[in-house]
Amino acid sequence: FTGLIGTRPALGLPDAEKVVESAVNAENPPNETKGKLFDGKDDTKWLAFTPTGWVTMKLDKPVAVVNYALTSANDFSGRDPKDWKLQGSQDGETWKTLDTRTGETFSSRFQTRQFQFTNSTAYQHYRLEITANNGEPLTQLAELRLFSANPTPPQNSKVQQAVVDLTDRQHPANEGL
């Protein structure tokens with residue numbers, strides 16, 4: 001077979017809602033800080049020297065978030081969040097629980113897991129409250145992304161293309177090739 005051509009789009013997550021301010025209960029400066037949660041890079045992380053933690057986010061505008069994604073960080077699965085609540089707020093003071101998860105695990109490092117829930121109220125403030133991790137005295141996350149019901153599709157991904165030339169060396173007609 002010669003001239004086989006195939007393409008495969010490399011689609012990712014839609015664009016996350018824009019976080020303009022954030023706060024955390026703890027971080028590990030200068031490299032493992034709150035800003036790493038929203039930098040779009042799975043190989044950076046936020047690290048807190050506590051077995052629980054929280055992250056508050058102020059979005060650039062009120063949005064009804066119905067989906068979010070968490071990405072596990074580079075080391076020790078015991079630092080991954082296990083139990084948490086995602087909450088919304090109009091004022092950053094009074095919180096309403098939108099989604100609760102317990103007993104969650106990440107099967108590998110740098111794994112992104114998405115979580116969906118029902119919500120029709122637009123909030124400008126969101127908080128991820130991690131109430132337990134998987135047993136270590138530290139908590140970590142590589143990425144935290146929030147999505148609305150109508151997220152912006154991912155930017156056009158580069159199409160991966162390959163041309164394959166294959167000669168069947170076992171076929172009698174190709175003897176000596």
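These numbers come from a predicted model, not from an experiment. These values consider heavy atoms only, across backbone and side chains, with no hydrogens, waters or symmetry-generated copies. Along the sequence shown, residues are numbered consecutively beginning with 1.
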Do the side chains of Leu59 and Val19 get nearer than 4.5 Å, heavy atoms only?
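Of all side-chain heavy-atom pairs linking Leu59 with Val19, at least one is under 4.5 Å.
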Any side-chain heavy-atom pair from Leu144 and Met57 closer than 4.5 angstrom?
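When only atoms from C-beta onward are counted, Met57 and Leu144 do touch, with a gap below 4.5 Å.
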Thr139 (side chain) donor-acceptor with Gly53 (main chain) under 3.5 angstrom:
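Not confirmed, Thr139 side chain does not pair with Gly53 backbone.
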Treating Tyr123 as the side-chain partner and Lys96 as the backbone partner, does any N or O pair qualify as donor plus acceptor under 3.5 Å?
no
I'd like to know if Lys82 pairs up with Glu104 as an ion pair, taking the criterion as any Lys NZ or Arg NE/NH1/NH2 lying under 4.0 Å from an Asp or Glu carboxylate oxygen.
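Glu104 and Lys82: not salt-bridged.
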How far apart are the C-alpha atoms of Ser107 and Gln111, what are their side-chain angles, what is the distance that settles it, and do they pass the side chain to side chain donor-acceptor pair (under 3.5 Å) test?
CA-CA 7 Å; Ser107 60; Gln111 179 188 13; 3.3 Å; yes
Which residue in the set Lys61, Lys58, Arg145 passes salt bridge (charged side-chain N to carboxylate O under 4.0 Å, His left out) when paired with Glu17?
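The passing option is Lys61.
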Which atoms form the tightest heavy-atom contact between Glu143 and Gly40, and what is the distance?
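Shortest heavy-atom separation between Glu143 and Gly40 comes out as OE1-N, 3.2 Å.
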Do Arg113 and Phe106 meet the cation-pi criteria used here (NZ or CZ under 6.0 Å from the six-membered ring centre, within 45° of the axis)?
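Yes, a cation-pi geometry.
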Show the numbers, then the answer: is there a side chain to side chain donor-acceptor pair (under 3.5 Å) between Asp80 and Ser72?
CA-CA 6 Å; Asp80 294 340; Ser72 63; 4.9 Å; no
Could you please spell out the steps behind the side chain to side chain donor-acceptor pair (under 3.5 Å) verdict for Gln87 and Thr97?
CA-CA 4 Å; Gln87 301 171 312; Thr97 298; 3.2 Å; yes
Quick check: Phe38 with Trp46 (ring centres under 6.0 Å apart)?
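Aromatic pair excluded; centres sit 6.0 Å or further apart.
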